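The structure under discussion appears below in the form of structure tokens.
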Amino acid sequence: MTPAQEVHAPLPWPDTVLDERLRDIGDRRYHHRHPFNLRMHEGVLTRAELRLWVLNRFHYQRHIPIKDALILAKLPSRELRRAWIRRIHDHDGAPDGDGRDGGIERWLRLGEAVGLDRDLLLSGEGVLPGVRLAVDGYVGFCRTGSALEAVASSLTELYAPDLMATRIAAWERHYPWVDPEGLRYFQVRVGQGRRDSEEALALVHAWARTRHDQERVLAAFTFKCEVLWALLDAVEKACELGGAVPDD
């Protein structure tokens, strides 16, 4: 940028304005408004539809530590890396454990709670093409984007605690056939999501010091909302076509 361009460059927004713009995007485009999630929380999904969602969402869940490892490699200090690596442990399990304290294991237990075999989940069989494309797109974004963009894409965690709380209440009320132990993932993520989103937002505030950077933050956040929405689009369409995992 030349000196003349710098003079005419728009000033960065205050952090409060950036936060307001993030909330505006999230309120409109986060997947808590997706028709499939609304149907889930209304309690009208069939067992087969719920199983289809669990199977396909697991494909996303198992890639979370992979995308976090890609973000980890972009962080410029050991202090930041030591903080971010906790996210990988949250999903893969503690480094000195057997993985049973991790989110992926909890998600496998969720699968079992709705009647899915964990070997089926781990095989990836039955994952919808649209879900694979959405997940690949997100992992690729974290691989090729800047540290700022990759971290900003994780800000959907701002909405996760409320969504998890809504989901827990809905499942307990409407799907009593699901073993309560299967809800453990959602219960743990309420606290983890709140902590993770606060940390990521602090990094975004520290790094996005120009209007251009802030616009990249909004674009990355929008992209992640679209990834989550596209995943549910694929599941919703499969349900309409009768492609759900069969009932017992």
Side-chain angles (χ1 to χ4, degrees), residues 18 22 25-26 29-31 56-97 99 101-108 121-124 127-160 185 188-189 192-210 212-232 234:
L18 177 61
L22 286 167
I25 294 169
R29 306 181 73 167
Y30 185 61
H31 66 163
N56 280 277
R57 177 72 187 201
F58 178 73
H59 184 71
Y60 170 82
Q61 298 295 144
R62 74 193 306 182
H63 284 82
I64 290 177
I66 297 173
K67 67 91 179 173
D68 279 322
L70 292 167
I71 295 174
L72 182 73
K74 299 176 185 292
L75 299 178
S77 71
R78 66 174 183 171
E79 289 77 18
L80 289 177
R81 291 191 294 271
R82 288 169 66 183
W84 200 272
I85 200 171
R86 185 188 59 236
R87 296 167 184 249
I88 299 174
H89 297 161
D90 285 344
H91 288 277
D92 278 341
D96 57 350
D101 58 341
I104 289 179
E105 173 61 27
R106 294 190 189 103
W107 200 270
L108 288 168
L121 291 169
L122 291 168
S123 73
V127 175
L128 298 166
V131 171
R132 292 187 187 276
L133 186 62
V135 172
D136 286 351
Y138 181 38
V139 173
F141 181 85
C142 292
R143 178 181 293 111
T144 60
S146 66
L148 173 62
E149 290 168 318
V151 168
S153 71
S154 75
L155 288 175
T156 49
E157 290 282 6
L158 289 165
Y159 286 82
Y185 175 84
V188 171
R189 284 306 296 171
Q192 289 179 347
R194 189 169 290 113
R195 177 205 65 201
D196 290 350
S197 62
E198 290 173 355
E199 290 180 348
L201 188 59
L203 285 178
V204 165
H205 286 165
W207 292 348
R209 304 318 305 166
T210 68
H212 176 66
D213 286 342
Q214 292 172 329
E215 290 172 347
R216 289 162 62 207
V217 166
L218 297 180
F221 181 66
T222 300
F223 170 76
K224 176 63 179 305
C225 288
E226 291 173 346
V227 165
L228 295 172
W229 197 277
L231 190 155
L232 287 180

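None of the values given here were measured: they were computed from a predicted structure.
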Evaluation steps, side chain to side chain contact (heavy atoms under 4.5 Å, CB included), between Arg57 and Leu228: CA-CA 10 Å; Arg57 177 72 187 201; Leu228 295 172; 3.9 Å; yes
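- Closest approach of Ile88 to Pro65, counting heavy atoms only: CG1-O, 3.9 Å.
- Expressed to the nearest 0.5 Å, how far NZ of Lys224 lies from OG1 of Thr156 amounts to 3.0 Å.
- A pairwise comparison of heavy atoms in Ala234 and Leu128 identifies O-CD1, 3.4 Å as the closest pair.
- Rounding to the nearest 0.5 angstrom, the gap separating the NE2 atom in His91 from the CG atom in Asp101 is 12.5 Å.
- For the pair Ala208 and Val217, the tightest heavy-atom approach, listed with the atom from each and the gap, is CB-CG2, 4.0 Å.
- The shortest side-chain heavy-atom distance between Val127 and Val135 does not fall under the 4.5 Å cut-off.
- Under the 4.5 Å side-chain criterion, counting only non-hydrogen atoms from C-beta, Leu22 is in contact with Leu201.
- In summary, of the residues considered (Glu105, Gln61, Arg106), a side chain to side chain donor-acceptor pair (under 3.5 Å) with Tyr185 occurs for Gln61 alone.
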Criterion side chain to side chain contact (heavy atoms under 4.5 Å, CB included) on Val204 and Asp213, from CA distance to verdict: CA-CA 9 Å; Val204 165; Asp213 286 342; over 6 Å; no
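- Between the CG atom in Asn56 and the CZ atom in Arg132 there is a gap of 8.5 Å [rounded to 0.5 Å].
- The side-chain heavy atoms of Tyr138 and Lys67, taken from C-beta on, include a pair separated by under 4.5 Å.
- Inter-residue side-chain proximity for Leu18 and Leu218 is flagged as met; some heavy-atom pair is nearer than 4.5 Å.
- Here the shortest heavy-atom pairing between Trp84 and Leu75 reads CB-CD1, 3.5 Å.
- For the atom pair Arg143 CZ and Lys74 NZ, the distance stands at 9.0 Å (nearest 0.5 Å).
- With sequence neighbours excluded, the residues satisfying ring-ring contact (aromatic ring centres under 6.0 Å, His included) with Phe141 are Phe223.
- Here the CZ atom belonging to Arg29 is positioned 10.0 Å from the CZ atom belonging to Phe221, to the nearest 0.5 angstrom.
- Within the model, atoms CG of Leu122 and CG of Leu108 stand 5.0 Å from one another, a figure rounded to the nearest 0.5 Å.
- Closest approach of Leu155 to Ser197, counting heavy atoms only: CD2-O, 4.1 Å.
- Look at Arg195 and Glu157 and you find no salt bridge, because none of the NZ, NE, NH1 or NH2 atoms lies under 4.0 Å from a carboxylate O.
- Atom CZ of Arg82 is surrounded by 12 or fewer heavy atoms from other residues, nucleotides or ligands within 6.0 Å.
- The heavy-atom pair separating Val151 from Ser154 by the smallest distance is O-OG, 2.6 Å.
- Not counting sequence neighbours, the partners of Trp229 by the ring-ring contact (aromatic ring centres under 6.0 Å, His included) test are His34.
- Listed by chain and number, the residues in a ring-ring contact (aromatic ring centres under 6.0 Å, His included) with Tyr30 are His32, Tyr159 (sequence neighbours excluded).
- At least one donor-acceptor pair under 3.5 Å links the side chain of Arg87 to the backbone N or O of Asp196.
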